[in-house]
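Have a look at the structure below before the remarks.
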Amino acid sequence: MTWYDAPSHAAGAALAERLAQHGMPDVDIRSTGVRVRATEEAQLAAAELGLTENPAGDQTLDVVIEAADPAAVQPFWDTVLGPDLLRRDPKFAVRRLAEPRPLRNRIHVDVVRPATAVDEARAVTGREPSGAYGVMLPDDEGNEVDLVPGDPLPGTTDWLALFAAMTFYPTSAPAQLAIKVAELADAAGVPLMIDVRAEGVVIDSGKDRWEDADGADPKFVALATRIEDAAKELGLRADPTPLRFVQFGIDAIDVPAVRAFWVALLGYVEDERQFLSDIYDPRRLNPVLFFQQLEEPRQQRNRIRFELAVPEDAVAQRVRTALSAGGQVLSDNPYLVADPEGNEILIGT
C-alpha cells in the first residue's frame, strides 16, 4: 500500500474517481492524504493530480494470537470478530503455541460491533460476558476480548456509535458517493475516514471524534445528517452489518515508558486528553493502542503479539528506533522485538 499526502478529502476522492474507471480498488481517504495499493495506474493518476508519495504512511499493524490448539480457538475469534468484509481492520491470525503459557496476557483486544452482532456472537460462543464492564469473553485458552455492543448515534438515522461514529452504504458506484462525502466534510471542516471499496463506502469519524463534552457534537451530527441526505438522493440505504471497531490495550507497570516505546516505534501520536492513555496513527490508518496500569508484574510471555509490516528499506531503522526507545531484539530474520516490559512485535516487510 502507498500513502499520498493530499490537501483535502476531495483531493483523495479525485484519485478514487480516476481509479474507479478501471475497476474500484480499495482506497482509504483522509483529510491529509489517501492510501491505495501501489500500482502503475495509481502512481500515474496520483502524479497527474499532484499528490506526493510519503513513505512514512506505508505501514500496517496486525495481531497474532498463539494457541496450543489453533483449530479449537479459531472459531471463537471468527465469531467475535465477524468477517472483515470491508478490509479495514488489522488482520488476526491464530498460530500454534510452542510452549504452555497459562497466565493472563498483558495485551488484550477490544471489539465494538452492532448490538445484534454482539448478541449473536455471545449466543454462538456460549459464553456469558464478565469482567469489569460486563463485556469480556475468553477463548478456550484464556485469551480475552471485550466485545462491546454499539448504539445508534443520537440525532442520526444511519450512524452507529462504535467508539467511532460509523456508517456504511453499499453501492455499485462508490466513487460517486465518496466525492460527495469528501465535499461535505471539507466544507464542514470535519476530518473523516472515507474508505472506498468495490462493495460501497464506509464513513468513519475515528475514535471519539464525534463527541464533545456533552455527548454527540452538534457540528458532527449536522455533517452526518447531510451525508444521510446525500446518500438518499443517490438512492442508497445504510447497512450497519459489517461495521466494527478494533483497538488494543496493553497492561504495564511503567505506563509512560511502555507508551513512549510504542509511540516511537509506530510513529503514533499521544491523545491530548489527560484522562486517556490512547496513542493513535496520525493518518488514522492503523489501530488505536491504549495502556492500563498493572499492579503486579506478569513475567510470562503473552500469547498475543503484534506484527508490523513496513517497506523493506525501513526495517533496520524501525529496529534501531525500538532499541533507542528501550526495547530489545529477541531474534532476527525477521526481527522479533520486545518493548521494555516484554510485549512483542515482529517487524518485517
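Worth knowing before you read on, the calculation uses all heavy atoms, side chains too, and leaves out hydrogens, waters and symmetry mates.
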What are the two closest heavy atoms between [X] and [Y], and how far apart are they?
X	Y	result
Leu49	Ala14	CD1-C, 3.8 Å
Ile65	Phe92	CD1-CD2, 4.0 Å
Ala13	Ala182	CB-CB, 3.8 Å
Val196	Pro174	CG1-CB, 3.7 Å
Pro242	Leu85	CB-CD1, 4.2 Å
Ala67	Val73	CB-CG2, 3.8 Å

Between [X] and [Y], is there shared hydrophobic-cluster membership here, with clusters defined by ILVMFWY side-chain heavy atoms closer than 4.5 Å?
X	Y	result
Leu266	Val269	no
Leu236	Val202	no
Val34	Leu192	yes
Val148	Leu160	yes
Tyr268	Leu323	yes

With a 4.5 Å cut-off on side-chain heavy atoms, are [Y] and [X] touching?
X	Y	value
Thr60	Asn286	yes
Asp89	Arg244	yes
Leu61	Pro90	no
Leu330	Glu344	yes
Val36	Tyr4	yes
Ile250	Phe290	no
Asp251	His108	yes
Val27	Pro25	yes

Taking [Y]'s backbone N and O only, do any of them form a donor-acceptor pair with [X]'s side chain (distance below 3.5 Å, no angle check)?
X	Y	value
Glu228	Asp158	yes
Asp186	Ala10	yes
Ser205	Ala165	yes
Asp146	Asp110	no
Asp281	Arg283	yes
Arg226	Ala188	no
Arg30	Arg284	yes
Glu270	Asp278	no
Asp339	Gly342	yes

Between the side chains of [X] and [Y], is a donor N or O closer than 3.5 angstrom to an acceptor N or O?
X	Y	value
Glu183	His9	no
Asp5	Trp3	yes
Gln59	Arg318	yes

Any carboxylate oxygen within less than 4.0 angstrom of a Lys/Arg side-chain nitrogen, looking at [X] and [Y]?
X	Y	result
Arg87	Glu199	yes
Arg301	Glu66	no
Lys219	Asp217	no
Glu141	Arg303	no
Arg305	Glu307	yes
Asp140	Arg127	yes

* Asked: Just checking, Lys232 and Tyr169: is the charged tip under 6.0 Å from the six-membered ring centre and within 45° of the axis?
  ->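 No; the conditions do not both hold, so Lys232 does not lie above the ring face of Tyr169.
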Aromatic Phe261 / basic Arg259 pairing, under 6.0 angstrom, 45° off normal | no
Rounded to the nearest 0.5 Å, how far apart are [atom1] of [X] and [atom2] of [Y]?
X	Y	atom1	atom2	answer
Leu184	Thr225	CG	OG1	9.5 Å
Thr2	Arg37	OG1	CZ	9.5 Å
Leu265	Arg320	CG	CZ	13.0 Å
Trp210	Leu162	CH2	CG	10.0 Å
Asn302	Asn105	CG	CG	5.0 Å
Ser277	Leu289	OG	CG	9.5 Å

Can you tell me if Glu272 has over 12 outside heavy atoms packed within less than 6.0 Å of its CD?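 It does not: Glu272 CD has 12 such atoms or fewer within range.
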Aromatic contact between [X] and [Y], with the criterion being ring centroids under 6.0 Å apart: yes or no?
X	Y	value
Phe163	Phe245	yes
Phe248	Phe306	yes
Phe220	Trp159	yes

(message) Under the criterion salt bridge (charged side-chain N to carboxylate O under 4.0 Å, His left out), I'd like the reasoning laid out for Asp208 against Arg273: C-alpha separation, chi angles, the key distance, then a yes or no.
(response) CA-CA 11 Å; Asp208 299 340; Arg273 292 170 292 180; 3.0 Å; yes
The single option from Asp28, Asp26, Asp195 that satisfies side chain to side chain donor-acceptor pair (under 3.5 Å) with Arg88 is Asp195
Q | Stepwise side-chain contact (heavy atoms from CB on, under 4.5 Å) test for Leu308 and Leu346 | A | CA-CA 6 Å; Leu308 176 67; Leu346 193 75; over 6 Å; no
> Checking side-chain contact (heavy atoms from CB on, under 4.5 Å) for the pair Val201/Phe168: CA distance, chi angles, key distance, verdict?
Replying inline: CA-CA 6 Å; Val201 180; Phe168 169 60; 5.7 Å; no
Note to self: With side-chain contact (heavy atoms from CB on, under 4.5 Å) as the criterion, how do Gln317 and Thr321 come out once you've worked through the C-alpha distance, each side chain's angles and the decisive distance to 0.1 Å?
What the structure shows: CA-CA 6 Å; Gln317 180 57 54; Thr321 299; 3.3 Å; yes
Dump the intermediate steps for side-chain contact (heavy atoms from CB on, under 4.5 Å) on Met193 and Met166, then the final yes or no. CA-CA 9 Å; Met193 301 160 64; Met166 297 186 198; over 6 Å; no
Exercise. Could you check Ile253, Val258, Leu294, Ile304 and say which one makes a side chain to side chain contact (heavy atoms under 4.5 Å, CB included) with Arg106?
Key: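 Only one of Ile253, Val258, Leu294, Ile304 forms a side chain to side chain contact (heavy atoms under 4.5 Å, CB included) with Arg106, namely Leu294.
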Exactly one of Val118, Val109, Thr79 clears side chain to side chain contact (heavy atoms under 4.5 Å, CB included) with Leu147, and that residue is Val118
